[in-house]
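These notes are about the structure you will find just below.
Throughout, residue positions are numbered sequentially from 1 according to the sequence presented.
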Amino acid sequence: MPITVLLVDDEPLVRAGLRAVLEAQPDIEVVGEAADGAAVIPLVRQLRPDVVAMDVRMPLLDGIEATRAVLRTVDDPPKILVITTFENDEYVYEALRAGADGFLLKRARPAEIVHAVRLVAEGESLLFPAAVRSLAAEYGSRAARAAMERAALTERETAVLRLMARGLSNAEIATQLVVGTETVKSHVSAVLSKLGARDRTQAVIAAYESGFVAPA
């Protein structure tokens, strides 16, 4: 089955460019478009896309609030890939904190766009560039540090979280730690549960905000 994608951006040229790039791939299908975040929820419910590629800045409902709304109101929500012009955009960071699964620059090369959609759809790796890591560290707080301490991660869970923060997939983590992929999946689930994180992105944000992991 192809990866189905909903494009959400207030610029028609951006949507057209993304559609052309994605539909050139045999395993990706663009199933719909919207010009604002306000149209996302009904389209998600109607089309059931695997991934929503969503601009972070839009006139009526921005990508941050649209992300929150989708995750709050849609059962089995799609993965959300936020798109922006500037990599150090605090809006992007807020969208990731709200629950978005990845990050893509509008100036990305076609191969990078395709890779980002596939990566987010798989859900086992992160699009978490250096600029966003630095923002997460700047947002660090005593509360975040206390929450990390309360999580009481084991030595192996700690190692897994550090590798997650580097953007490694489950298979890559398994290779690094010389264990099976299923073992890594169990550790990842334990880390998410202890941190109260919805997904890998939220766990990694917590790691950077708490100072548990420092930006490179």
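Remark: Asp50 pairs with Thr4 by the side-chain hydrogen bond (donor to acceptor under 3.5 Å, both in side chains) rule, at least two apart or across chains.
Within the 4.5 Å cutoff, side-chain heavy atoms of Val44 are placed close to those of Pro78. In this structure the side chain of Lys194 reaches within 4.5 angstrom of the side chain of Leu153, judged on heavy atoms. Residues Leu7 and Leu22 form a side-chain contact, since some pair of their non-hydrogen atoms from C-beta on lies under 4.5 Å apart. Within the 4.5 Å cutoff, no side-chain heavy atoms of Val56 are placed close to those of Phe103. Residues Lys79 and Val51 have side chains in contact (heavy-atom distance under 4.5 Å, counting atoms from C-beta outward).
Interatomic distance, CD1 of Ile205 versus CZ of Arg200, reported as 13.5 Å (0.5 Å rounding). Interatomic distance, Leu161 CG to His187 NE2, rounded to the nearest 0.5 Å: 12.5 Å. Distance CE/Met54 to CD1/Ile64: 10.0 Å, rounded to 0.5 Å. Atoms CZ and CD, from Arg166 and Glu172 in turn, are 9.5 Å apart once rounded to the nearest 0.5 Å.
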Test side-chain contact (heavy atoms from CB on, under 4.5 Å) on Ile3 and Gln25 and set out the steps. CA-CA 10 Å; Ile3 299 168; Gln25 305 302 311; over 6 Å; no

Between Val8 and Asp36, does the side-chain contact (heavy atoms from CB on, under 4.5 Å) criterion hold? Intermediate values first, please. CA-CA 6 Å; Val8 186; Asp36 194 86; 6.0 Å; no

Derivation and outcome, side-chain contact (heavy atoms from CB on, under 4.5 Å), residues Glu94 and Val82: CA-CA 10 Å; Glu94 290 298 335; Val82 292; over 6 Å; no

Could you go step by step and tell me if Lys106 and Glu11 meet the salt bridge (charged side-chain N to carboxylate O under 4.0 Å, His left out) rule? CA-CA 11 Å; Lys106 289 187 178 181; Glu11 297 181 40; 3.4 Å; yes

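A donor-acceptor distance shorter than 3.5 angstrom exists from the side chain of Ser189 to the backbone of Lys185, with no hydrogens or angles considered. Side-chain atoms of Arg162 never come within 3.5 Å of backbone atoms of Ala207 as a donor-acceptor pair (strictly under, hydrogens ignored). No side-chain donor-acceptor contact under 3.5 Å links Asn170 to the backbone of Ile173. The backbone N or O of Val14 sits nowhere less than 3.5 Å from a side-chain atom of Asp9 that would complete a donor-acceptor pair. A donor-acceptor pair under 3.5 Å is formed between the side chain of Asp101 and the backbone N or O of Ile80.
Under 4.0 Å is where a charged nitrogen must lie from a carboxylate oxygen, and between Arg15 and Asp55 no such pair does.
Taking all atoms of both residues into account, the shortest heavy-atom contact from Leu6 to Val40 is CD2-O, 4.5 Å. For the pair Arg198 and Leu192, the tightest heavy-atom approach, listed with the atom from each and the gap, is O-CD1, 4.4 Å. The two atoms that bring Ala203 and Val191 nearest to each other are CB-CG1, 4.5 Å, heavy atoms only. In terms of heavy atoms, Gly99 sits closest to Leu71 at CA-CD1, 3.5 Å.
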